Structure formats: structure tokens, C-alpha cells
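First the structure, in the form of C-alpha cells, and then the observations on it.
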Amino acid sequence: MEHHLSRLPDNTALRQQELLADWLHFSAKEVLFIFFATGVFCLCMGIILLLSAKSTREMEINYTKICANCAKVQENVFNFDKECTCSNPFSLTKKMKGNVYMYYKLHGFCQNLYRYIYSRSNRQLVGKDVKAVEGCAPFKMSHNETPIVPCGAIDNSIFNDTIILSYNVNSSLQIKVPMLKTGLTWWTDEYVKFQNPNTDNLFFSFYFIILWGYKYSYELDKKGSKKQCFLNDDFIAWIWTAAIPTFKKPYQHLNRTRHFTEGLPAGNYSFSITYNFLVTRFHRKKSVILCLSYTVTGAMTWLATFSMLAVHMGLKNKKSLHPFHQHWLKIPLLSQLWFGK
Amino acid sequence: MFCSKKKSLEVERIVKANDREYNEKFQYTLIPEISSLTWFTTIVPLVLVITMTAVKDATDDYFRHKSDNQVNNRQSEVLIDSKLQNEKWMNVKVGDIIKLENNQFVAADLLLLSSSEPYGLCYIETAELDGETNLKVRHALSVTSELGADISRLARFDGIVVCEAPNNKLDKFAGVLSWKDSKHPLNNEKIILRGCVLRNTSWCFGMVIFAGPDTKLMQNSGKTKFKRTSIDRLMNTLVLWIFGFLVCLGIVLAIGNSVWENQVGDQFRTFLFWNEGEKNFVFSGFLTFWSYIIILNTVVPISLYVSVEVIRLGHSYFINWDRKMYCSGNATPAEARTTTLNEELGQIEYIFSDKTGTLTQNIMTFKRCSINGRIYGEVHDDLDQETEITKKKEPVAVSVKSEVDRTFQFFDHHLMESIKLGDPKVHEFLRILALCHTVMSEENSSGQLIYQVQSPDEGALVTAARNLGFIFKSRTPQTITIEELGTIVTYQLLAFLDFNNIRKRMSVIVRNPEGQIKLYCKGADTILFEKLHPSNGDLLSLTSDHLSEFAGEGLRTLAITYRDLDDKYFREWHKMLEDANTATDKRDEWIAGLYEEIEKDLMLLGATAVEDKLQEGVIETITSLSLANIKIWVLTGDKQETAINIGYACNMLTDDMNEVFVIAGNTAVEVREELRKAKEILFGQNRSFSNGHVGCEKKQQLELDLVVEETVTGDYALIINGHSLAHALESDVKNDLLELACMCKTVVCCRVTPLQKAQVVELVKKHRNAVTLAIGDGANDVSMIKSAHIGVGISGQEGLQAVLASDYSFAQFRYLQRLLLVHGRWSYFRMCKFLCYFFYKNFAFTLVHFWFGFFCGFSAQTVYDQWFITLFNIVYTSLPVLAMGIFDQDVSDQNSIDCPQLYEPGQLNLLFNKHKFFICMLHGIYTSLALFFIPYGTFYNAAGEDGQHIADYQSFAVTMATSLVIVVSVQIALDTSYWTVINHVFIWGSLATYFSILFTMHSNGIFGIFPNQFPFVGSARHCLTQKCIWLVILLTTVASVMPVVAFRFLKVDLYPTLTDQIRRWQKAQKKSRPPSSRRPRARRSSSRRSGYAFAHQEGYGELITSGKNMRAKNPPPTSGLEKTLYNSTSWIENLCKKTTDTVNSFSQDKTVNL
């Protein structure tokens, strides 16, 4: 008898497939409610985003063509060490009130190429082992068999234009707008991901090729600064490869002192650009952007459009469903005929 | 013997399925140029998949092995070294002499040497082999039967048998035994086949001629085929398609790469410094092709196979665990012996069922009787009486307690009263029951009467008489002794007019102590009513009504008659019979004529109704399965009458049917003609049909079928005999047969051999393209169980062969309803949902890379982190979908049973097919588009809220991955219709796991240890604190899920399927919780009379009157009568001849091989 009992399956909810459960089955009401709720939410978000997008101001100056002569000079191989500077005057009709950020933007520059994105050495960049250059081809070793620091294609193709923004206080006085390079990187960048190599060795061989020239890595910033080497903000911003070919990267932000405590006042400005990064060689464009406050313009516009679309859809569904729903129920036969079911 | 070699097969299948990805995985490790994923991204899931499959297969095999051992390790007594020793079945070798005991299974094909019964007789039951329930006689050669139980002599037995090679013919055997310088021919009568059970014989010895796989039973069981479900096949096709799709994507991207390299990439060489050799853009395209094949390989779902296996395993366990499929009677739970076929249970279109032991219990009970125009045993028809019965539910019995057979249950007290009052008609009726039969009696050690019956029907009648006070005590060849209400009376048996198939009746002529000569006759009513004395008119019509009533309840009926003979007439007749017996030619006809002459002017006494007890719930099950549009065919080795009777009893055949076609022709021409006629009736005269033997194109034929199926209205049934089936299965009539059979509501095939059963199944399987299920309990069903898509064995009985060959087993036929309508339906539903979701998920996941390809110069850059790719399918998203695949329910089990129509989507294969696959694919593609382009739009020209960088690749990857996981989780949440705790845990748990793993892998610590493997440090932290990223995720989710919700809602609302309606109703019902309504019991409505549907065999009359089967302890007094009546040597030949005839008729097996 015990044997018999033992063969009787256990009467547990799991085994008898009788677990307490909720049937998920939406009624018309529930679906309509979900649609309505989502619609309302998206609508609100959309309005907020649209408004904020409108209030943002952005100013983009494409200097590819303006500085075309510089490009020509630089493209000549023999002039690789010649500096070429060009100036782009522009005027602000309205003042930019708030934090102003300066970005550089590259059009169609594929930083997301597979071979490019992995041509770097995180071990080297974390400052542990300067000789760790395994993944860095083709920028591994320099001709005298010393490791390139930093190695890899990303590091060695760094954006190296220098952009200086000046403000014409009046026709004769032109002052340099005070800009800061701090706060453009993440906390992890500064304290975890990037560390300068041991400074004892810093001076003996650390240089890297910047496209068509070379530069010692400690030349990235003033001597003695912490930002001389890998911790340089420009360097870090560049090494965070962009996801899509057209991207902008933070360059500097306004130091709100003196004339500029409120932001950039209206008036005439000019960018003076030391032209080094040769986009013309691969038929691309570059621009400089001044932007107000937290500007996620692109994102915001997109989001807003999509939200509106979603709302629209939601409302449309709601509209079409409610009356029709009743209607269809009344004449199911017709609907069957209609769709030839 | 049943040991499977499946392991290698199954493993091979898995390996094959994963072959393609497998191969590629090695290619990229060899060529570093095209690696864009690290080795672990594909190896880890692969190893996991293979390990799990291997573990599952191993456990499967282990359990299979265990149950095989059960049979192989059965013990039998083998004579080794002049001693009887217990030996396992599998160790029984050819040439061994083994001893069998009563009720034991025969382990191998044996040559019978000697037995406990006189003349070396032994009785066997062949129900396992052919489904026939009556006992059969085998007898040993006289030379060997002398050996008896003398072990030393048996051990010295050194005969040599020369015989045919192993074959599958159950009814034929030819061989010669050479022993002691003489040769003895051997035929089937001296052979006991494996699968038989020894009955009424306390022991016998036999020499093994065929053992193991050579036995006729095993030769008949067909090949074990590896079964796969249609979903499996579809899945493999789809995987191939997906692979093709993958190659297409690869080619598109490779071309893109070549063009890009040619047009644009050249300009980027300045900072990539490519080698000169690589500047060739065609070569670059080639490398890109392979890189993309590797990246996009996740679209070919590796974990699909293992997930499917896991789900099926889960479903199998649910079957094993189901208490509603547990039979407490013999303590047998249902068992899924194969764990790979579950969803096919939801697609069954044809069920092929055995009769004996499957539909019926093989127990006969005396249910009711009509005596002199009065019905006794009326229990279930009247409400008042029913309550009365429940009050005093004590079976009626007049006999002394010790004489009562416990199993007998007869509830009518009116009969008791009549007996006590001494109603002569009632007494006479019971006397006939006690006298007119072929039962042998015996006293066991405790002094109880034991009846040895050759047909269970007779057993039921004699037992009934016994319990009602007319106890059959003993018999000699000339006398029958019965106890009539306490007084012992001995009747002199004057003649025994045996049963045969044409006569459909049997009679005895006895002289009672008063000296009167009486003829007692019982037989088929249809025959006997023609032989009644005209004075029976009123009684005849009354009894006739009663018989109709009995038949309406599916009972087997017999008419009971008698005739008073005067001495002189009998003497004359007896003289003629003696002459006839000594005649040389036309003896049989002569005797038949004499029988005919004396069995006339009979006086009707009444009728009996014996129930061939159906298994519990058979009618309900059949009704419900028919409602589910499943066609049920009965294939039985039993006689046509019995089969038809059962057909009526289970409501498969009804009086409402327009026509019941019986095909019983003996030649091909006859069969063809019968089929043609049937079709003419079916389709009406205006349509003339080709005979089918002209090479008519199959396609046309099929189209014809479709047209016809719509035009035929009304219920038809087809009954076909085994010997006709042999002709009908020939190629040219096959189509006709199939067409006709499929048009009929019910098909009954009787007298079919095991192989024919398999052939019928194959026929339907092949030409109808339908999913078939075969259910049976005996060894004769093994071949059909093996050849059907799903084989079900009835377990809990003695025979294990069917169970061992089966895919599922349970104790009662009625569980089939639950197996199909609940478990099968759920399995199919779950599997389809699972597959839809799985393909959708993989497309959504993988195609993002494709879109990204257009924006990264086709450089085979992945969108996600490599770790994410590795873990996505096996950690982040596997469990919720598995939980859905295992636990989901659309409607509750009760509703699936109550509404069998819900089963139809499975038969029509509606829930997952190529069309559905394309929808899933489109869904996946749409989601991948939303997943890619919404973040793309956001990241286009974007910067962080505080001026920090945000549009970088790593943030992009994190955003996409998070969106993907959330979208996919929301989708599974919507797909899951039955939210159990487990679903909650898995879905929420997966999300939690995703985030915790994400943060861990992007943490400082892990970066500190492996800076090159985990370069994403800080990404998650920074990214997911940005509001806009969350907006993106939200928007992506809404955009990819809402249209689907809308679409589904509209579909459910506008075109609700039956399932949707039931679900809506179910929801409403849950709120109000009304008591669940039960469907009313299906009532039988048939008024058909049975023929003499007894499992009766001719020849026993002679055996009895010759006294050969009676024990030596009460030697038959030799009387002149016996000597003159029967030629004492002829009885055994006669018996054998007749037995062979009947066997021959059912096993004209034309085609041997399947």
C-alpha cells in the first residue's frame, strides 16, 4: 500500500499546474486606458521637450571652407610644421545667458570603424604598463622600437585644432573670452579609466603621432599640469569614440567672469583657429559650436517629434476605437463579411 | 531487447542542428582578421547548450534503460545442468528448456514439450498478440508429452528441431523434430509464442526455438523509428531559412563594405595605415562577409534547441505529475516515456485504437435478462428504482455464501423472488445457463469452485446462474452435474451441438433425472428467432423489444430456447448422426443438416444481456474527442461482430448513421466492387468515380478529396475485415479505401494482424499528411504504436510490451482526453508561443547590427558590448520565455475539456507555421528598427546635459542594450497570459539581473583587474543617470510595443477566436465564480441487436465430449455412446483444423514489410 501511495503524484500546485496566477487578458477598457495613459504621458513629455528645445540656442560655424586656404597650406607635405591660423568673425544678436559650451563637430568622420575603435590599449591608458601596446596596430612602436604612448589609431588621430574665441568689446578692443577645459569628462575617466604613466619615465620617450606630425604627450598641456598626459580633457573627449559618424565633442566651456558673468553678451565675436586637423583630405567638414546651457538639442528635437507621433497615434487609436468598438460589436456579421473571414 | 540505441541518434541530431554555427565558430578563431567578436561570445552559449542537451539525453536514456530492464530482467525458470534455475529473460537462449507456470508470460517462442494437463494440452491467452480474448489450446507431441515434469528426463531430451527462419507470421509454423531416430512434423499447434499467457494449466515445459528479437512477436513489432514532431521539422526548415537570410544579410553588408571602402574608406586610410594588401576592397568585402556572419549568427538561435528540449521536458513532467491521470485502481500514474513529442499531442487528427484492453476491460458481466417476457436487472432506467438500489446496495445471491462469486453484481430482487417462488420458466432459464456451455469446473485447494472458461461471455453466464442458485458443479463426457437450489442433479449429456460461426448457436441435448430429453439452445437472436415454434408469437415480440432495449445499452445479447424431444425422435436422429459421423465424404454438411433439423420448433424462454465492460469513461472520451474533430479508428484482431458491438457500445456507431459499409470480400475483385458500391452510395449516383486503379494523378485525386469532403453530408461508418484489408491495401485500391475511410465518421477494422494495423496507420500518415496517434495495450499493438506519430500504451496491466514501445502510457483510455485536450493542447500552444517569441527576440536583437552597419562603414562593428551579446540569450532573456513556454495557459484545463473545439487550431497548425514565422520576423525587424533609429536620432549631434560627452559609442551601446532588454521583457510580459509567481520572479529577476550584471561589468573594480576585457567602465553609471537616455528607452519601448498591443487588441476585438471568447468568458467567470457546469453525460441511442458476438471458438464441444481435457483423477466412464459418437483420435485434428481456419481468416497478411 505504501508503494501505491508513493506512486501517486504529489498534490502540489506546481505539479498540478494550479499555481495561483493571474490571467492576463486585456479588455477593451484596459487597452484604451493604457493607450490613453501612454498618450497623455508622451504628450506631456513632448510639450516639455519641445518648449525646452525652442529655448535652447545654438550657434554653429562651419569653418571648413572659411579656412580653406589653411587647409591648402597644410595639405602640402612640406609645410607640415607651419602653423596656419584663420579667423572667423561672427556676431551674436542676442546674448546667450547661462552656461555656454563650445563644441567641435566633425561631419561624416567614422570613429566607429571596427579597426579604429579597438586600436587602443586600455592597459596603457590606465597608466599601469606603458609597454602594453598589443591591440594598437598600426600605431604600436615608433621607428626606434620604443612604444608609442599613447598607442593606437584613436589616440594618434586626435583632433588638434586650437580654437580661441575672442569678443570685440568695441571696434578696437578685442579680448579673449575666458574658457575652461575642466568638467568635460566623467568622474570615472579621471579617477579610474585614465591615469598618467609614471612621471619618472615621462620624459624619455613619450611622444605620439598626431596625424601628420608628432608631439610629446606631455605637450598636451602646460608643464607641471596634471592634464599633461592621458588625463587631458581634449584627449579623453576624443578617445571616447563617437557612436555615429557625425558627432560633436565638448571642447571648452565659458568661465563666467568679468564681462561674461551672465553668459555671452550680444555683439561681435570671432573664432581664431589654428588649423591642424585636415578634414579636407577625406572630404569631410568640421565646425565649431557655441551652445547654451545643457543642450541636448538633437536629442530633444528627435524625442519631441517622436513623442508627438506617439501621442498622435495613441489619440488616433483611441478615437477610432471607442465609437467603432461599439459599432463593430453590434454588427459583427458585417465585419466578418467585410474582411471575408 | 528493447534497449535503445537512441543516444547516438539524439546527440547526432543536436549536433547537426547546430552544425553550421559550429563550423563558423572555428573559422574565425583561425583568421584573426575577421574576428569582431571575442571567442567567449559564441563559445559560452554553445558549451552551455551542448552540456544541457547531453545531460538531458543521458537522463532520458537512463530512465528508458531502467524500464527496459524491467522486461529483460523478468525471471523465468530454465533447466540448466539438470536443475531448474531462475534466469533473466534476456539470458534465455535458443535450445533452453524452460518451465512456465499458470498465468505467466511466455518469454520466448517455445516448442511445447509437456504440460500438467492430460495429453500435453495447454491453454494460452493470446490477447497480447491478436486481441482475442478466448483461450486457445496447444498440445504437445505425444512423444514429448510423456516426459511430463520429470526433470531428469527433460534434461536428457536431445531432440533436434529443424524449422523455418525467424519471421513475422503469427499463425504459421513449419518444422520437424528429430528425436530418438524418428521425425515428427511440427506446426503452429505445438508452438507457444512469446507474448501469450499460460492459462488454466498449472505448468508446462517448452524448448526455446526463437528468443529475443527473433521471436514472432518482436518480428511483428516493426522497426523502432526515431520520432520527430512536425514542429521539429518546421523548426529545422526555418533555421535553414534563417541561415539563408543570414547569408543574404552578410552579402548585402559585404557589398556595402566593398562600395564603402572603394568610395569613402580610402580616405580614412591615413589614420588607419592599412597594409597595401588590404587596400583591395573586394578582399575587404570578403572579410566583412565572414565578420558579419559571425556577428549576426545570433539570428540563428543556438539556444532554441535546448530551450525547446527543456520546455518539452517540463511538459512531460506535468504529464507524469498529473493526479487526474493517475489510476488508483492499479496505482499507475501517467508517464511520458518520450520527452520530445509533447506539442504533437496538440495536433492529433486520427486516433487508432485497439479494442480489447483499451476500449474494453476484457471483463464480461451478466447485466440483465428477459425471462418469459419480463425484464430483470432493470437498474439504471428508472429513477425510483435507482434510489431503491442505492438504499440496499447488496448484490443479489441465492446461493450459499461460499459459492458466490464475489465479482458478480446483480441488483434485481424481483428475480430473486421469482426464483424463490419457483417460477418454472425462470428455473428452466437458469438451468440452461448452467447446462449449455463449454466451461470446465475445478475445485481449488480451499474447496472453492473454479471455472475454467474459454470465452469470458460464457463465464459470465455460468457465474450468473451459479450465483442465482443453479450451480454448475462438474462434468464428465456424458454427464453434467449441477446443484439446483441446494439439490444436486445430474443430467445425462446426450449430444453436444457445437458452436460455429455460421450456426451462431450452440445446443446440448440432455436427459434429466425424470427421463425427459431436452434440447437446450442458446445463440444469436437473429438466427434463433427463425427457428421458433409458431406458438411463441407474443413472447417473441415482447422479447424482441427487450433485446432492442438491451442492444441500445450496448449489451451483448443471446436468446435462450429449449425444446422437448420425445425419446423416439431423438433415437432416430441420433442414429442418423452416428451414420453421419462415420461417413467419409460430406460429413460436415451432413452433420450440419442434422443439427439444423433438430434445432427447430424451439420454445423461447428469454434472453440474456452481457456487458463487455467498457473501460471507464470511454463513451465520454470518444464523444469529446470527436467534438475536437479527431477521427477515431478502431483496429482490432477480434471478430467483426464483437468489433461492431463495441462500436455501438461506445457510440461510435449509431442508428442515426446513414449507412454502415461493411467490406468483407475475400478477393481483390470483391473488395474493389464493395468499395466502389460504398462510394457510389456516399457520393450519390450522379457522380461516377474512377476505380482508382487507373494511374490517376495524385494531385487531382487530392483536389477531388477536398471537393468531396464538403459535399458529403451525413454520418457514415466503414467496417472492414482483415482479409479484405489485405486486398484493399494494395496500391491501386489504396486511394479508394483511404478516400472512403476518411469520409466516414467511424472506421472499424477487425481481424487485422499487428502488421496490418501498422500499415493502416502508415497509410493515413502518408497520404493524409495527418498527425496520428495509436493507442493499445497488447503486444499486437506494438507495431502500430511504433509507426504512429504518437504511440500510447495502456499501462498497469500484465503485458508491458505496448508500454515499452509507447511514447506515453497511462492506465485508462479515458485519460486520453486529458492528455490530448489539456496537456497536448497546452504543449502545442506553449511551444508555438515560445517559438514566435524566440524568433522575434533574436531578430530584434541581431538586426540592430545590420542597421548599424550602414553607419559604421560596414566595418562589422557590433552595437552592443561583447559581454552583452554573450549573456543576452542565455541569461537576460532565457528564463522568462522558458517560464512562459512551461507554465503558460490560455484557458484553464477544465475549459479545455469542456470545450473540445479549442483543440482545432492545433490540428490546422494555426499557431505556428511559416506565415506566423514571417509575422514574427517582421515584428522583430520592426522592433530592431525602432531600437536602432530612435537612439540614433538622439545620439545624432548630441551632447551631455552638463557639457560632458554622451554621444560616444559606449553610451550608445548601453542605451541600446538597456532598451532591448526592456522592450523584450515588456513583450514577454504581454505574451505571458498566465502569470504565476514563477513568471513574476523570472521576468523581474531577469531585469534585475541585467542591471546588476551591467553595473558590475562597468564597475571600477573589474576594470582594474581586466582593463582590456571590460573597457566599459563607468558607462552604465553615467549613461543611466542622464534623463534623456531614459526618455529614449521609454520612447523606444512605447514605439516598439504599442503598435503590437494595438494590433493584437484589434484582432481579438474584431475577430475573436474561440480561445479569445473562452478567455473573456473565463475572466468574467472568475469574477463571479459560478459553479462549473458539467456537460451532461452522453447517452447511447442505439437499438441494434448484436449478432452472436461472443469470443467463442469452435471445437470445444468435441473436446468436452471426448473427455480429453478432463483430469485423470475422474476418468471418464467409457460408454458406448461416446465411442460411437466420436472418433477418439479425430477430435484433436478437428480442433486444430478449425482453429487454424479461424486464425487463417484473419491473418492473410499480404505485405510483409512495411
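Fair warning: this is a prediction, and the values are worked out from it, not measured in the lab. The chains referred to below are lettered A, B, ... by the order of the sequence lines, with proteins before strands, and numbering in each begins at 1.
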Chain A contact via [X] - which portion, at a heavy-atom distance below 4.5 Å:
X: B:Ser955; answer: side chain
X: B:Phe852; answer: side chain
X: B:His1002; answer: neither
X: B:Asn320; answer: backbone
X: B:Ala957; answer: neither
X: B:Val822; answer: neither
X: B:Arg1048; answer: neither

Which heavy atom of [X] sits nearest to which heavy atom of [Y], and what is that distance?
X: B:Pro1011; Y: A:Arg123; answer: CG-CG, 3.3 Å
X: A:Gln17; Y: B:Arg830; answer: OE1-NH2, 2.7 Å
X: B:Phe318; Y: A:Arg15; answer: CD2-O, 3.8 Å
X: A:Asp22; Y: B:His984; answer: OD2-NE2, 4.5 Å
X: A:Pro9; Y: B:Tyr326; answer: CD-CD1, 3.6 Å

Part of [X] within contact of chain B (heavy atom distance under 4.5 Å):
X: A:Val126; answer: side chain
X: A:Asp189; answer: side chain
X: A:Glu30; answer: side chain
X: A:Leu14; answer: both
X: A:Lys249; answer: neither

[atom1] of [X] to [atom2] of [Y]: how many Å apart, nearest 0.5 Å?
X: A:Thr12; Y: B:Arg323; atom1: OG1; atom2: CZ; result: 9.0 Å
X: A:Phe247; Y: B:Tyr940; atom1: CZ; atom2: OH; result: 12.0 Å
X: B:Leu287; Y: A:Tyr114; atom1: CG; atom2: OH; result: 11.5 Å
X: A:Cys42; Y: B:Met1042; atom1: SG; atom2: CE; result: 8.0 Å

(message) Looking at A:Tyr191, I'd like to know if its OH atom is crowded, meaning that more than 12 non-hydrogen atoms belonging to other residues, nucleotides or ligands lie closer than 6.0 Å.
(response) no
(message) Taking CG in A:Leu20 as the centre, count heavy atoms belonging to other residues, nucleotides or ligands within less than 6.0 Å. Is the count above 12?
(response) no
When only pairs under 4.5 Å are counted, which of [options] shares the most heavy-atom pairs with chain A?
options: B:Phe855, B:Phe956, B:Phe1010; result: B:Phe855
options: B:Asp890, B:Val863, B:Asp893; result: B:Asp890
options: B:Asp322, B:Leu1034, B:Val1045, B:Val981; result: B:Asp322

Please identify, among [options], the residue contributing the most non-hydrogen atom pairs under 4.5 Å to chain B.
options: A:Leu19, A:Thr188, A:Asn112; value: A:Asn112
options: A:Met102, A:Lys105, A:Glu18; value: A:Lys105
options: A:Asn122, A:Ile117, A:Ile34; value: A:Asn122

Compare all side-chain heavy atoms of [X] with those of [Y] and state whether any distance is below 4.5 angstrom.
X: A:Leu113; Y: B:Trp260; result: yes
X: B:Trp321; Y: A:Asp10; result: no
X: B:Tyr953; Y: A:Gln111; result: no

(request) List for me each residue that meets ring-ring contact (aromatic ring centres under 6.0 Å, His included) alongside A:Trp186, sequence neighbours excluded, and say none if there are none. (result) A:Trp240, B:His949, B:His1022
(request) Return the set of residues passing ring-ring contact (aromatic ring centres under 6.0 Å, His included) with B:Tyr978 (not counting sequence neighbours), or none when no residue passes. (result) A:Trp23
(message) Looking at A:Lys193 and B:Phe1016, would you say the former's side chain and the latter's main chain have a donor-acceptor pair under 3.5 Å?
(response) no
